[in-house]
There are 2 protein chains.
Amino acid sequence: MKVNAVKLADLYMYLNADIKKIEEELEQSVLSEHPALKSASLDLLQAGGKRIRPVFVLLGAKYGNYDIDRVKHIAVSLELIHMASLVHDDVIDNAELRRGSQTIKAKWDNRVAMYTGDYIFAKAVEKTTFFNDGNINTILSHAMIQMCLGEIEQIRDQYNWEQNMRIYLRRIRRKTALLIAVSCQLGAISAGASKQEQIRLYQYGYNVGMSYQIIDDILDFTGTEKQLGKPAGGDLRQGNVTLPALYAMDRDPSLKRDIVQLIEDEASSSQDITPIIEAIKQSGGIEYSKELSRKYLNKAYSALDSLPDIKATKSLREVATYIGGRKH
Amino acid sequence: MKVNAVKLADLYMYLNADIKKIEEELEQSVLSEHPALKSASLDLLQAGGKRIRPVFVLLGAKYGNYDIDRVKHIAVSLELIHMASLVHDDVIDNAELRRGSQTIKAKWDNRVAMYTGDYIFAKAVEKTTFFNDGNINTILSHAMIQMCLGEIEQIRDQYNWEQNMRIYLRRIRRKTALLIAVSCQLGAISAGASKQEQIRLYQYGYNVGMSYQIIDDILDFTGTEKQLGKPAGGDLRQGNVTLPALYAMDRDPSLKRDIVQLIEDEASSSQDITPIIEAIKQSGGIEYSKELSRKYLNKAYSALDSLPDIKATKSLREVATYIGGRKH
């Protein structure tokens with residue numbers, strides 16, 4: 001698995017010129033129209049990000065008549081939806097952070113950030129009108145709706161110790177997998193790929209997305225502080241109950257009691273939860289999660305098997321392998 | 001002008017069954033799909049509101065083949081956009097209100113409200129995919145973008161004492177007039193009205209919207225506390241510089257200095273700004289604003305003159321008259 005990083009860089013290299021084009025479009029979409037948007041969204045753009053959704057869109061379009069000047073609208077649209085959700089995610093945190101010294105100026109900034117998020121959403125919708133294709137708009141708005149429901153579920157299910165695996169899987173499907181599935185699918189649709197290819201690409205994206213999120217949730221337990229940029233167990237500390245913890249609590253009622261007690265303790269944020277993390281690791285929750293992640297990954301590989309043997313198929317396989325092997 | 005209220009009630013009466021249908025659709029859109037949305041959006045629906053945008057949509061559709069089961073999608077979509085912006089407007093205020101005692105629970109509620117707003121936006125977009133008409137989606141997303149820019153401008157221009165009338169007019173166009181213009185226009189488009197009728201209805205809506213907002217800004221100075229539900233001069237106290245104040249400050253530099261000094265004073269919220277309000281009234285700023293509002297209203301009437309003499313035209317004229325004469 002050590003070669004993964006190199007392979008992914010290779011993949012990006014052959015898409016490099018097109019990704020650069022998308023970066024430029026993103027910048028134009030959120031910067032040029034209005035000076036007030038500059039401060040609110042420049043940081044976000046400069047942070048860059050992996051642009052993983054645009055990559056999936058571009059690869060999906062390789063199964064039809066690939067035209068960067070068409071498909072870029074879809075790629076930009078999906079990345080804008082992702083960016084808008086990041087902007088909105090920060091608004092509440094910022095309002096909270098500045099709680100002690102919330103000046104009128106800071107309040108304005110939060111409100112501007114709020115409407116900047118809305119603006120970016122609207123821009124995402126506008127981008128797809130290029131195609132004048134009701135199907136594309138339906139798929140996109142449906143994905144937006146599901147993403148919002150996923151975020152709402154994540155908040156509502158915080159500190160909900162009675163949730164089960166079905167609830168967890170529905171949440172990550174909505175929150176993560178669907179937008180990746182739709183990225184692959186819309187790339188294919190915009191390039192006129194066959195219906196069969198559209199379906200396969202959707203299935204690939206969906207399963208890769210599920211696998212990706214499960215691994216993300218595993219790494220939050222197994223990663224080092226250096227890899228994660230924060231102490232391990234952050235999800236659990238914030239009351240986000242993910243698969244490894246769900247498995248462990250289901251297996252060991254007394255561990256569940258310990259977890260609930262420690263995390264619900266008001267002072268938990270300053271408390272050492274290392275013993276709990278260790279107990280979850282000991283429970284087999286990590287192995288169980290890895291196994292489930294692998295199952296999704298295998299389904300993603302299967303979806304690729306019935307696609308034509310073109311360079312994009314090789315690339316999608318490499319992305320899946322990279323995701324399966326990533327350590328942070 | 002005393003008869004206006006009665007006439008508006010008459011107008012609503014003949015659209016009553018259709019507005020009821022739209023209310024039901026609105027409820028289904030934001031309530032039924034997800035239990036978590038219930039608490040976040042029920043209040044909003046029960047508050048009711050004037051549903052002024054749906055009324056414009058329905059009247060616009062009367063110029064084509066009126067079919068409530070088609071046009072309702074447009075009416076619901078535009079009202080959802082309006083509702084989403086109300087939800088988001090409250091988020092920051094709530095975060096602020098709860099500042100002293102911001103519990104984790106309250107923070108969640110704000111975050112849920114945030115994503116509920118996003119969800120309602122996405123639902124608004126989804127509604128229009130019914131028509132599979134790129135033109136409708138383009139018009140709608142453009143209106144959303146402009147509305148966001150208007151809100152951002154309003155925030156950025158708070159306490160900006162150097163703004164001019166051009167900036168004020170651009171702001172109210174984006175914030176208010178465009179969504180009403182588009183309501184009339186999209187109603188017409190969805191019913192297959194002629195291009196000429198679409199344009200006239202857009203012009204009518206735009207001018208009525210401008211007039212409406214200017215009168216709103218006048219009433220904030222001239223209304224009684226009972227009519228406004230809050231003391232007069234609230235806009236100015238919050239640093240929102242509207243037309244009557246702009247006019248007064250432009251005419252009288254020493255009054256401008258007084259206004260800036262008093263409002264910028266940290267303690268202004270508890271201070272008596274009655275003398276300033278009186279000075280603005282004395283300056284002729286109210287008359288000037290009324291005159292401008294009347295000009296827009298006359299343009300709205302003119303747009304109606306070249307529309308066929310059907311019941312909807314009479315109704316639109318009544319709405320304009322009602323807006324022109326309203327006292328609160």
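Here the structure is a predicted model, which is why all the values come from computation and not from measurement. In what follows, every chain begins at residue 1, and chains take the letters A, B, ... in the order their sequences are listed.
With values rounded to the nearest 0.5 angstrom, B:Thr129 atom OG1 is found 10.5 Å from A:Leu140 atom CG. To the nearest 0.5 angstrom, A:Leu149 atom CG is 9.0 Å from B:Thr116 atom OG1. With rounding to the nearest 0.5 angstrom, the CG atom of A:Asn132 is 8.0 Å from the CG atom of B:Asn132.
By the 4.5 Å heavy-atom criterion applied to side chains, A:Met114 and B:Glu151 are not counted as neighbours. At a threshold of 4.5 Å between non-hydrogen side-chain atoms, the residues A:Phe130 and B:Thr138 do not count as touching. A heavy-atom distance below 4.5 Å is not found between the side chains of B:Val125 and A:Asn137. In this structure the side chain of B:Asp118 never reaches within 4.5 angstrom of the side chain of A:Met144, judged on heavy atoms.
Summarising the geometry of A:Ala122 relative to B:Ser141, their closest heavy-atom pair is O-CB, 3.9 Å, with the distance given to 0.1 Å. Closest approach of B:Tyr115 and A:Cys148 over heavy atoms only: O-CB, 3.9 Å. A:Asp89 and B:Arg111 make their closest contact through O-NH1, 3.1 Å (heavy atoms, listed as atom of the first residue, atom of the second, distance).
Within a 6.0 Å sphere centred on CG of A:Asn65, other residues, nucleotides and ligands contribute 12 heavy atoms or fewer. Atom CD of B:Glu24 has more than 12 neighbouring heavy atoms from other residues, nucleotides or ligands inside a 6.0 Å radius.
Interface remark: of the candidates B:Gly117, B:Gly134, B:Gly239, B:Ala143, B:Gly134 forms the most heavy-atom pairs closer than 4.5 Å to chain A.
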